[in-house]
Engineer: 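Here you go, one structure.
Each chain gets a letter, A, B and so on, in the order the sequences are listed, and its residues count up from 1.
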Amino acid sequence: MKNSSLWLLLQKMRVPFIVIVVTYTIAIAGLISLDGIEVDGKIYRMTIFDAFYFVTYTATTIGFGEVPYTFSYPQRMWVSALIYITVIGWFYGIGSLLSILQDKLFISEIKKTAFRKKVRKIREDFFIILGYNNVTKKIVGKMLAQGYRVVVIEKNTDRVNELVLENYVPSVPILEADIYDPKALELASIKSKYCKGLVSLFENDNLNLKIAITAKILNAKIPLAIKSTTKHMTENLEDLGVEIIENPFEIISQQIQMLLTAPSLYKLVRWMHGRGDLRTTAFHLPEGKYIICGYGRMGHEIKNVLEKNNIEAVFIEMDAAKKNTFSKKEQCEILFKDADDKEVLLQAGTEDAVAIIAGSKDDTTNLSLLSIARKINPNIVTIARENEIENQALFHYANIDYVFMPSRLLIYKTIAALIDPIVDKFISHAMEQDEVWAKELLGMLKTKVGDNPSTYELFVDEDHAHALVERIKYRESIKLETLIRSRANRNIFNPIVALLLLRKDELYLLPDMSEITLEYGDQILFASHRDAIEDIEYIAENIHELAYVLGERN
Amino acid sequence: MNFDKLISGFFIILAMTLNFGFFYGDLSNIDLHSKYELFAAIVVNLIATTLKIGDKTQIGSVLLATSLVADIQLIAAATVWTIVYYTAGVLDVHTTSIVISLSGGALLANITSVILYIGETIKSKR
């Protein structure tokens, strides 16, 4: 039996039921065996029905009076006794029922049942998100906007209520349960064919690992997006076969690397993530001396990047207690002082530094130390790490040159990796290229398809490219350029750039459209404007349009 | 000895025996069937049902089902009897046979229940 709430209720009501039945029986038995008063010359005794009727309204304290005839004294004596027995039995039954209805276990069983029903009803692709906080809240919003459904598991009652009050459309089922409980994951239909991924971005790396193991055991097929903040944990997750491993600090170091050496690439990535168009001038990190406040996990990553680029840097760590955890060499290089102090910043050489990065875990410290640094050196480039999404306005008004937000990076990364895996693939391969490559691509995109092109992914299979598949089946070779011809005039090419073509194990970055022939199962990422994308869709789906662009009919 | 098993076994079997006691006799003669025995059979059946409630196992569910069938049949018999007695004043042969045959159906359900109960007891190793 699946519906355990009903069983729980019934099991707990066993004793009250029996008490009611027994007290009624005693009362009825007494009434039918006692002599009543004389009517028409003979003694009237209650029938079973008379007695049942009388006990029913007496036990429930309704009390219609003595029917069918006035009682005799022996009957009245018995009735005074039975009132106490039956009324107490009845109240006990009602009381138990009410207390069970308020029982936490019972309520949680009811909620679980409702949750399971809601999730079962979902007949579209959905994602499971563990934990409801500011980061996952944004992810939920974006996923819903993209037409996916979301299921959330959260332990904290307040957060659960927060989600409920949010009134998402379509509704987001939420389960209040232990996040790593395999049963909770099963209730969230992790084994369903509609489940397209699971997101776990907790601060605690071990919790994330535990979730990854559980999820992989329950369903090895669904992609997991798991956060990891250390190299060791990343390796563990890789061994488990986790598809998307997100290290916010690594992402930040990649961004700094791009800002230092490849601003065009940075612009491209921003556009792919949907955070800006190709026009915006990218912020460029100057060369010179850097001051970095905070030498934790993020500080380490920044140090690696700066060292790779031969940039001089001074590190300040505010927590002196951390000193012993570093190597001897690091201990000499790093200032262990409170960076939120003018003397210390002067000592670190703020006057002749070109940039200062405030990378501590505390937003207030970051803001205040940057304002001090600005007073010392008005030309200094300020870079801050923003930890809490709620502080966005503060950072905005503080006029900081560049703000890194680990949680926001996680949001974009998760969305791209889960919803558009091909976009994520393109980004990760693009990042391996250099500035020259990026600048060239950027220029081509701008001249060909404008400043803010859309991206479109074509999957060559029966569902998305019916016409193409029909032809490919008969071994006809169709060039990629067929897709970018105009439906109005096949001699004209639409302004479309093919960014990436994925074929089983092969990957073509910026494939040559006149060379490459399409195969079944290809995934192609295009960049263009909406009209041209519509042409691709028509040509891929409609046999007549395809025949026209191939020059077979007019 | 398991006290719970003793109690539930007692009520399940008593439900059947009382049911049989009421059912046994001429189908057309109400005088051979005691109303008090029917009352007792209903009460004991209700208690037996309650004791079976909340058992989530397969056999537990089937036991509960048989008990519910017996309850419904017996209560139906008592209801028919009461209604006819208070409206017509006397039970004719037709109504009598309805009352008795309803209790006969309940008896079958009770027998099934006892067989299942015994089967389960034999199946268990201890």
Side-chain angles (χ1 to χ4, degrees), chain A residues 1-34 40 44-56 59 67-69 82 85-86 89-90 92-93 96-97 100-101 103 105-106 109 112-113 183, chain B residues 3-5 7-8 10-12 14-15 18 22 30 33-65 67-68 70-71 74-91 99 103:
Chain A
M1 277 291 162
K2 286 279 167 61
N3 193 343
S4 45
S5 48
L6 181 67
W7 288 107
L8 198 69
L9 177 77
L10 289 177
Q11 195 163 38
K12 291 205 165 176
M13 283 308 286
R14 257 187 195 180
V15 178
F17 275 145
I18 289 181
V19 168
I20 291 173
V21 171
V22 169
T23 50
Y24 270 46
T25 313
I26 294 170
I28 293 172
L31 282 176
I32 54 180
S33 55
L34 283 170
D40 302 338
Y44 182 82
R45 267 198 192 181
M46 277 187 160
T47 61
I48 298 178
F49 177 71
D50 284 337
F52 175 73
Y53 177 60
F54 178 77
V55 171
T56 304
V67 288
Y69 303 105
L82 83 82
I85 308 172
T86 52
W90 187 256
Y92 170 61
S96 313
L97 184 67
I100 292 165
L101 288 179
D103 187 48
L105 186 65
F106 180 72
E109 283 294 330
K112 253 187 215 171
T113 311
K183 275 191 193 137
Chain B
F3 191 67
D4 283 357
K5 282 270 169 198
I7 297 283
S8 55
F10 172 77
F11 277 103
I12 290 171
L14 186 61
L18 282 172
F22 174 76
I30 199 72
H33 304 274
S34 161
K35 56 185 169 185
Y36 300 111
E37 202 157 13
L38 178 60
F39 174 65
I42 291 177
V43 170
V44 173
N45 256 294
L46 282 176
I47 294 176
T49 312
T50 318
L51 290 173
K52 290 172 185 171
I53 270 175
D55 184 352
K56 280 175 85 175
T57 57
Q58 178 75 21
I59 198 90
S61 313
V62 180
L63 272 175
L64 180 59
S67 246
L68 288 174
D71 285 346
L74 286 176
I75 291 171
T79 314
V80 170
W81 192 340
T82 314
I83 292 171
V84 172
Y85 178 78
Y86 281 101
T87 50
V90 70
L91 261 69
V99 172
S103 79

Engineer: Count the heavy atoms of every other residue, nucleotide or ligand shown that sit under 6.0 Å from OH of B:Tyr85, and state whether that count exceeds 12.
Structural biologist: no

Engineer: Heavy-atom distance under 4.5 Å to chain A: side chain of B:Leu64, backbone, both or neither?
Structural biologist: side chain

Engineer: At their closest point, which heavy atom of A:Gln11 faces which heavy atom of B:Ile53, and how far apart are they?
Structural biologist: N-CG2, 4.0 Å

Engineer: Counting heavy-atom pairs closer than 4.5 Å to chain A, which one of B:Leu51, B:Thr49, B:Thr82, B:Leu46 comes out on top?
Structural biologist: B:Leu51

Engineer: Would you check if B:Ile83 and A:Phe49 make a side-chain contact, meaning some heavy-atom pair closer than 4.5 Å?
Structural biologist: no

Engineer: Is A:Tyr44 atom OH crowded by more than 12 heavy atoms from other residues, nucleotides or ligands, each under 6.0 Å away?
Structural biologist: yes

Engineer: Is chain A contacted by the side chain of B:Tyr36, its backbone, both, or neither, given a heavy-atom distance below 4.5 Å?
Structural biologist: both

Engineer: Pick whichever of A:Lys12, A:Arg14, A:Met13 has the most heavy-atom pairs under 4.5 Å with chain B.
Structural biologist: A:Arg14

Engineer: For A:Ile18, is it the side chain, the backbone, both, or neither that has a heavy atom closer than 4.5 Å to a heavy atom of chain B?
Structural biologist: both

Engineer: Given a strict heavy-atom distance threshold of 4.5 Å, which part of A:Val22 is in contact with chain B: side chain, backbone, both, or neither?
Structural biologist: side chain

Engineer: Would you give the length of the straight line joining atom CZ of B:Phe39 to atom CD1 of A:Ile32, rounded to the nearest 0.5 angstrom?
Structural biologist: 5.5 Å

